[in-house]
Structures are given as C-alpha cells and as structure tokens.
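Read the structure below first, then the notes.
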Amino acid sequence: QVHLTESGGGLVQPGDSLTLSCTNSGFTSDLYSIGWFRQAPGKEREGVLCMSIPDGTTYTDDSVKGRFTIARDNGKNTVYLRMNSLKPEDTAVYYCATPCTVVDGVGALGPHEGFGSWGQGTQVTVSS
C-alpha cells in the first residue's frame with residue numbers, strides 16, 4: 001500500500017523558488033523510483049524528474065534542467081522537488097508518482113492505473 005500526498009504549491013513570482021514535498025503515508029517504505037510530473041491547462045501531463053532510489057540516478061526534463069532538483073528524506077518518507085528560477089510556463093498542477101520510468105526520446109513516464117500510485121496534485125502558479 002502506497003499513499004502519496006503532495007504539498008507546498010502556491011502562487012509565486014517569476015524568478016522565485018519553491019519546494020514541493022511528496023510524502024508516502026502508506027505502509028510500503030521501500031520504493032524503487034519516484035517521479036514528479038506536471039500538467040498545465042490544455043496540455044498533456046509531462047514528466048519533470050524521475051529518480052531511481054537504489055542508485056540515485058535522476059532524469060531531468062530539458063525544460064527544467066538546471067533549475068529543478070529532486071531530493072529525498074528517508075526518515076520522513078518524503079521526496080522534495082526544489083524549483084528555482086521559476087517561469088510562468090512552469091505553472092501547472094504538480095504530481096508525484098511511483099514508479100517512474102525513462103524512455104529514450106520520450107522522457108519520464110508514470111504508472112498506469114493499477115500499476116503504481118499517484119498523488120492528488122498541488123497547484124503551482126508563477127505570475128507577476
């Protein structure tokens with residue numbers, strides 16, 4: 001049983017930083033991968049980052065490379081998305097999910113229904 005909950009979203013100005021958290025409050029403590037995804041109005045959900053927990057390797061989408069990083073706190077069963085230099089185009093609902101996979105030429109993908117867990121999402125709005 002995995003239950004993911006995102007938090008930390010809000011309204012910020014361009015150039016600001018914001019940290020989102022994703023906490024697993026379920027009984028399963030060992031996860032193999034965790035990812036962050038986002039969906040803007042009228043657009044398909046896209047992968048942002050995907051981290052392999054055993055080795056720590058991380059895929060970062062080109063749109064956020066150099067600005068977004070992922071980290072985890074095992075003691076709190078929490079994964080963080082640190083967002084720097086936010087842009088208006090970063091505005092979206094952000095989701096965490098497990099597992100995630102990376103497909104060459106496509107990017108990070110989250111689980112299909114019944115094959116993993118998604119959080120409920122948290123809104124990030126970047127506007128002046």
Applying side-chain hydrogen bond (donor to acceptor under 3.5 Å, both in side chains) to S117 and T98, what does each step give before you reach the verdict? CA-CA 5 Å; S117 298; T98 185; over 6 Å; no
After noting the C-alpha distance and the side-chain angles of Q120 and Y95, does the key distance pass the side-chain contact (heavy atoms from CB on, under 4.5 Å) rule? CA-CA 7 Å; Q120 84 291 339; Y95 302 86; over 6 Å; no
Would you sort out whether T91 and Q123 count as a side-chain contact (heavy atoms from CB on, under 4.5 Å), showing the intermediate values? CA-CA 8 Å; T91 296; Q123 176 72 48; 4.0 Å; yes
Take V126 and K87 through the side-chain contact (heavy atoms from CB on, under 4.5 Å) test and state the conclusion after the steps. CA-CA 6 Å; V126 185; K87 305 175 181 179; 5.6 Å; no
Would S63 and R38 count as a side-chain hydrogen bond (donor to acceptor under 3.5 Å, both in side chains) here? Give the steps. CA-CA 12 Å; S63 64; R38 66 184 182 184; 3.3 Å; yes
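The distance from the CG atom of L86 to the CZ atom of F68 is 5.0 Å, given to the nearest 0.5 Å. The structure places CE of M51 at 14.5 Å from OH of Y32, a figure rounded to the nearest 0.5 Å. The OH atom of Y59 sits 11.0 Å away from the OG1 atom of T101 when rounded to the nearest 0.5 Å. With values rounded to the nearest 0.5 angstrom, C96 atom SG is found 9.0 Å from N24 atom CG.
Closest non-hydrogen pair, A40 versus A92, comes out as N-CB, 3.8 Å. Nearest heavy atom pair, residue C100 against residue S33, reads N-OG, 2.9 Å.
Under the 6.0 Å cut-off for aromatic ring centres, W118 and F37 qualify, their centroids lying closer than that.
With contacts defined as side-chain heavy-atom distances shorter than 4.5 Å, the pair R72/T78 does not qualify. Under the 4.5 Å side-chain criterion, counting only non-hydrogen atoms from C-beta, I70 is in contact with V79. At a threshold of 4.5 Å between non-hydrogen side-chain atoms, the residues M83 and R67 do not count as touching. Between L4 and I34 the shortest side-chain heavy-atom distance falls below 4.5 Å. Looking at L81 and L49, their side chains come closer than 4.5 Å, going by heavy atoms from C-beta outward.
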Let me check something: any side-chain donor-acceptor pairs from residues 12-22 under 3.5 Å, sequence neighbours excluded? List them with distances.
unit_1, atom_1, unit_2, atom_2, d
D16, OD2, Q13, N, 3.0
S17, OG, N84, OD1, 2.8
T19, OG1, R82, NH1, 2.8
S21, OG, S7, OG, 2.6

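When atom types are taken as modelled, the side chain of E6 and the backbone of G121 share a donor-acceptor pair closer than 3.5 angstrom.
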